[in-house]
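Taking it in order: structure first as structure tokens, then the write-up.
Just so we're on the same page: letters track the sequence lines, and every chain starts at 1.
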There are 2 protein chains.
Amino acid sequence: MMPEAPLAEKSAVLARHAFFKGASAGALNRLGAHAREVRYSAGQPIFRKGDEGLGLFAVLSGAVKISVPSPDGRELVLRLVGENEIFGEVALLDGGPRTADAMAAGRCHLLFLDRRDFLAVLKEEPSLAIKLLALVSDRLRQTSEQVEELTFEAPTARLAKALLRLARLQGTAAAEKPQIRITQKELGRTVGLSRETTNKCLNEWALDGALKIEKGACTLLDRAFFARLASGEAP
Amino acid sequence: MMPEAPLAEKSAVLARHAFFKGASAGALNRLGAHAREVRYSAGQPIFRKGDEGLGLFAVLSGAVKISVPSPDGRELVLRLVGENEIFGEVALLDGGPRTADAMAAGRCHLLFLDRRDFLAVLKEEPSLAIKLLALVSDRLRQTSEQVEELTFEAPTARLAKALLRLARLQGTAAAEKPQIRITQKELGRTVGLSRETTNKCLNEWALDGALKIEKGACTLLDRAFFARLASGEAP
DNA sequence: CGCGCGGTGTGAGGCGCTTCACACTGCGCG
DNA sequence: CGCGCAGTGTGAAGCGCCTCACACCGCGCG
């Protein structure tokens, strides 16, 4: 276990995190005072759905997978949290149980902020509250979109959308032909399809030349193709 | 058109609304200064998905239906907003387009608060911001639950859930055997089922004695029956 | 009155997804 | 090395939901 960094350094670490940009020095010090640095290696659980929500996590480096488990062992991946993002904000705010599982998607370095400290600072730092409001309402936007998607759109359209979303999330978004590192099993689970159906669908697209399939990954060769599918058109 | 109430009265109206309980007099006055009272009759649109989000609505009396339209004319009912609740908060916070349609579900009396006024007050009234945060994160909780429901649960379970939810929403929740006024077509649309499938499903439940079907309505005779279905068990 | 229309009831046919079953590959490990 | 395992590729069978088609009922309206 690494030794904990001293207080001053923890506030400095906080200050570098995108979410805390612009916060006052006082707020940063108060938050840093009780912040705990934590490290996880790939696959380790960070919290589980239903756990008591004790606070907020900020990702310093690495990535975290947020997902919900189904009674029969399936899993829906809600989002991938990357560097400079935060997660665990719902339970932070209402003190209720966590709404999803969080798992380290690779080695990751996090900062944990206690709920009570955070709320205390929030009371005196409206700008932080407003920032958080913007963030939470953005989440709400995305989640609502997901609800629409699930009720209205065809499974294959959802799959195409998921690929585009993953390309955006995995940082390779800017690339001409983004490569997405995910297994077909996981991919299917994020949209509620079986592995087999996912596989057949991907292979069809590969035949169309829009996709390259590798082991544990696939590469989008023709983004416009997927954009069309995602908006409900036939290819 | 009713004449507008004077400023003092509008702040007083605000103060009586559950969401603004505990706000300072100064904040209420500032919000009240630009608040507009608006009235709608049944079926009138309040805003549409994609409209510019200019502000927040508070329901003084009546009810508002929040729904999203699908490209092919279907409709998903997200929530029914009742007295002492607020809606339109997402677009309020990030200034983006409205994420759903809002329609008066009956005659209703609303208060409209401009986005810029609201944000200005928020900056100086952290307690209001915290209240809003709690509210938005609660919405996020519910919406996430809906996402889970849609990906994991069987259509019939969703239908059962929808009936329970509608019973709760239509005010007849307290009744022993709540009657729900909705056509089978609409009901199907709220869970993404065809009218025919909905019909067959309801008839099966009616045979089990759990449900009474009338024209344009149905009555839950056995709530426990639906609660079981909703939690994924076989009847 | 007859007609249209909205809501409901019901069957036939078809398509898509699921489950199950099995095969092939590459790779880590004892 | 051989073994197991994770990931992928594919086919058969089955089931649930959708679409289409049609029938019945009650009601408003010309």
Nearest-neighbour nucleotide for the T156(A) side chain, dT19(C), dC17(C), dT25(C) considered: dC17(C)
Nearest-neighbour nucleotide for the N203(A) side chain, dC18(D), dC17(D), dG9(D) considered: dG9(D)
[X] [atom1] to [N] [atom2]: how many Å, rounded?
X: I213(A); N: dT10(D); atom1: CD1; atom2: C1'; answer: 13 Å
X: F152(B); N: dC17(C); atom1: CZ; atom2: C1'; answer: 17 Å
X: K200(B); N: dG16(D); atom1: NZ; atom2: P; answer: 13 Å
X: L193(B); N: dG16(D); atom1: CG; atom2: C1'; answer: 10 Å
X: E214(B); N: dG26(D); atom1: CD; atom2: C1'; answer: 15 Å
X: K185(A); N: dA6(D); atom1: NZ; atom2: C1'; answer: 8 Å
X: R189(A); N: dA6(D); atom1: CZ; atom2: C1'; answer: 13 Å
X: E196(A); N: dG16(C); atom1: CD; atom2: P; answer: 17 Å

Identified side chain to side chain contact (heavy atoms under 4.5 Å, CB included) partner of C201(A) from the options L187(A), L229(A), L159(A): L159(A)
Ionic contact status for K49(B) with E148(A), cut-off 4.0 Å: yes
Under-4.0 Å salt bridge between E52(A) and R98(A): no
Sugar-phosphate only, base, or nothing, as touched by G188(A) at under 4.0 Å among non-hydrogen atoms: nothing
Touch class at under 4.0 angstrom, heavy-atom based, for T183(A) against every strand present: sugar-phosphate
Less than 4.0 angstrom between a side-chain N/O of [X] and OP1 or OP2 of [N], yes or no?
X: N199(A); N: dT8(D); result: no
X: Q184(A); N: dG9(D); result: yes
X: T197(A); N: dC17(C); result: no

Nearest-nucleotide comparison on DNA chain D, the residue closer to the 5′ end among I182(A) and T198(B): I182(A)
Mutual orientation of the aromatic rings belonging to F57(B) and F87(B) [parallel < 30°, tilted 30-60°, perpendicular > 60°]: parallel
Flag, side chain of E186(B) to backbone of T183(B), donor-acceptor distance under 3.5 Å: no
Base dG9(C) to side chain R195(B), donor-acceptor N/O within 3.5 Å cut-off: yes
Pairwise 5' ranking along DNA chain C for K215(A) and G192(A), keeping only the more 5' one: G192(A)
